[in-house]
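As C-alpha cells, the structure follows; a few thoughts come after it.
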Amino acid sequence: EVQLVESGGGLVQAGGSLRLSCAASGFYFPDYAIGWFRQAPGKQREGVSCIRISDGISDYADSVKGRFTISSDNFENTVYLEMNNLKPEDTAVYYCQADKSGFFRELCDGTSNYGFRGRGTQVTVSS
C-alpha cells in the first residue's frame with residue numbers, strides 16, 4: 001500500500017522554524033520525485049519545493065527561496081522540508097506529493113494532479 005505521511009507542522013511565531021517530514025512507503029523511492037505544496041483557505045494551491053530522489057536535484061518557489069530547504073533521506077524514504085524565518089503568509093496546510101521523476105516540474109509547480117499525496121500537516125505562523 002502506498003503511503004505518504006506528513007508530520008512536523010504546528011504553531012510558530014514569525015521568524016521561527018519548523019521541519020516537516022514526509023515518510024514514504026509502498027513504492028520504489030529512487031524512481032520518484034517528491035514535492036511539497038501548500039493550500040491556504042481561499043487561495044490557490046502553491047508549489048513550494050521539490051526534489052528528484054535519483055539525483056537530488058531540487059527547486060523552490062520564489063516565495064520561499066533562501067528560507068526553506070528540502071532534503072531526502074534515501075535510507076529512510078523520507079523527505080524533509082526545513083522552514084526558517086517563517087512568515088504569517090506561510091500559514092497553510094502543507095502536503096507532500098510523489099510522482100515519477102518525469103513529472104518533476106509539475107511537482108515543483110504544484111500542478112500535478114496525479115501520483116500520491118499525503119493528508120497534509122497544518123502550519124500556522126503568528127505575527
Side-chain angles (χ1 to χ4, degrees):
E1 180 189 4
V2 172
Q3 277 195 316
L4 291 172
V5 180
E6 303 98 334
S7 61
L11 173 63
V12 65
Q13 287 189 329
S17 298
L18 286 172
R19 188 175 80 154
L20 305 184
S21 299
C22 172
S25 61
F27 59 92
Y28 186 60
F29 201 57
D31 282 350
Y32 282 73
I34 306 289
W36 286 95
F37 68 91
R38 61 190 181 188
Q39 183 94 55
K43 294 188 178 181
Q44 281 192 323
R45 183 171 72 180
E46 179 188 13
V48 174
S49 184
C50 53
I51 186 166
R52 194 162 60 200
I53 302 302
S54 60
D55 57 11
I57 297 293
S58 61
D59 201 4
Y60 300 89
D62 288 342
S63 58
V64 306
K65 275 181 183 174
R67 299 189 296 123
F68 290 13
T69 303
I70 193 169
S71 62
S72 69
D73 182 333
N74 295 353
F75 291 102
E76 297 293 333
N77 285 8
T78 300
V79 169
Y80 300 99
L81 186 67
E82 184 77 33
M83 307 187 298
N84 297 317
N85 191 22
L86 282 160
K87 304 175 181 180
E89 51 264 43
D90 294 319
T91 295
V93 179
Y94 283 70
Y95 300 86
C96 66
Q97 184 173 8
D99 208 339
K100 287 295 186 73
S101 296
F103 295 97
F104 174 70
R105 182 47 52 194
E106 287 84 349
L107 286 171
C108 296
D109 295 340
T111 58
S112 172
N113 291 316
Y114 301 100
F116 318 112
R117 67 177 64 174
R119 294 186 176 184
T121 185
Q122 176 71 47
V123 172
T124 303
V125 185
S126 62
S127 56

Ring-face cation contact, Phe104 with Arg52, 6.0 Å cut, 45° max: yes

Residue pair Tyr28 / Pro30, side-chain heavy-atom distance below 4.5 Å: yes

Taking a hydrophobic cluster as the set of Ile, Leu, Val, Met, Phe, Trp and Tyr residues connected by side-chain heavy atoms closer than 4.5 Å, whether directly or through intermediates, do Leu81 and Val125 fall within one such cluster? yes

Taking all heavy atoms of Ala61 and all of Gly47, pick out the closest pair and write down the distance. CB-O, 3.3 Å

side-chain contact (heavy atoms from CB on, under 4.5 Å), paired with Tyr94, selected from Gln122, Glu6, Gln39, Arg38: Arg38

Is the closest side-chain heavy-atom distance between Leu18 and Leu86 below 4.5 Å? yes

Rounded to the nearest 0.5 Å, the SG atom of Cys108 sits from the OH atom of Tyr60 at a distance of 10.0 Å

Quick one: pull up OG in Ser49 and CG in Asp59 and give me the separation to the nearest 0.5 Å. 7.0 Å

Report the distance from atom CZ of Phe29 to atom CZ of Phe75, rounding to the nearest 0.5 Å. 12.0 Å

Same cluster for Phe116 and Ile70 if Ile/Leu/Val/Met/Phe/Trp/Tyr side chains link at under 4.5 Å? yes

Taking C-beta and beyond as the side chain, do Leu20 and Tyr80 meet within less than 4.5 Å on heavy atoms? no

Does Val2 belong to the same Ile/Leu/Val/Met/Phe/Trp/Tyr cluster as Tyr32, with side-chain heavy atoms less than 4.5 Å apart forming each link? yes

Quick one: does any side-chain atom of Arg117 pair with a main-chain N or O of Asn113 as donor and acceptor, under 3.5 Å? no

Rounded to the nearest 0.5 Å, how far does SG of Cys50 lie from CG of Asp109? 8.0 Å

Go through the steps for Glu82 and Ser71 under the test side-chain hydrogen bond (donor to acceptor under 3.5 Å, both in side chains), then give the verdict. CA-CA 8 Å; Glu82 184 77 33; Ser71 62; over 6 Å; no

Rounded to the nearest 0.5 angstrom, the CZ-SG distance for Phe37 and Cys96 is 8.5 Å

Using a strict 4.0 Å threshold on nitrogen-to-oxygen distance, state whether Lys65 and Asp62 make a salt bridge. yes

Where Ala40 and Ala92 come nearest, the two heavy atoms and their spacing: N-CB, 3.9 Å

Counting only N and O atoms by type, is there a donor-acceptor contact under 3.5 Å from the side chain of Asp55 to the main-chain atoms of Ile57? yes

Please determine whether residues Trp36 and Phe27 belong to a single hydrophobic cluster, defined as Ile, Leu, Val, Met, Phe, Trp and Tyr linked transitively by side-chain heavy-atom distances below 4.5 Å. yes

Less than 4.5 Å apart, side chain to side chain, heavy atoms only: is that true for Thr124 and Val12? no

For the residue pair Ile53 and Val79, establish whether any side-chain heavy-atom pair is separated by less than 4.5 Å. yes

Give the minimum heavy-atom separation between Cys22 and Leu4, together with the two atoms involved. SG-CD2, 3.8 Å

Counting C-beta onward and ignoring hydrogens, is there a side-chain heavy-atom pair between Ser17 and Met83 closer than 4.5 Å? no

Are Ile51 and Leu107 joined in one hydrophobic group, where the rule is that I, L, V, M, F, W and Y side chains link up if heavy atoms are under 4.5 Å apart? no

Walk me through whether Phe68 and Val48 qualify under side-chain contact (heavy atoms from CB on, under 4.5 Å). CA-CA 9 Å; Phe68 290 13; Val48 174; 3.6 Å; yes

Looking at OG of Ser112 and CZ of Arg105, how far apart are the two atoms once the value is rounded to the nearest 0.5 Å? 12.5 Å

Provide the closest heavy-atom pair for Ala23 versus Thr78 in the form atom of the first, atom of the second, distance. CA-OG1, 3.9 Å

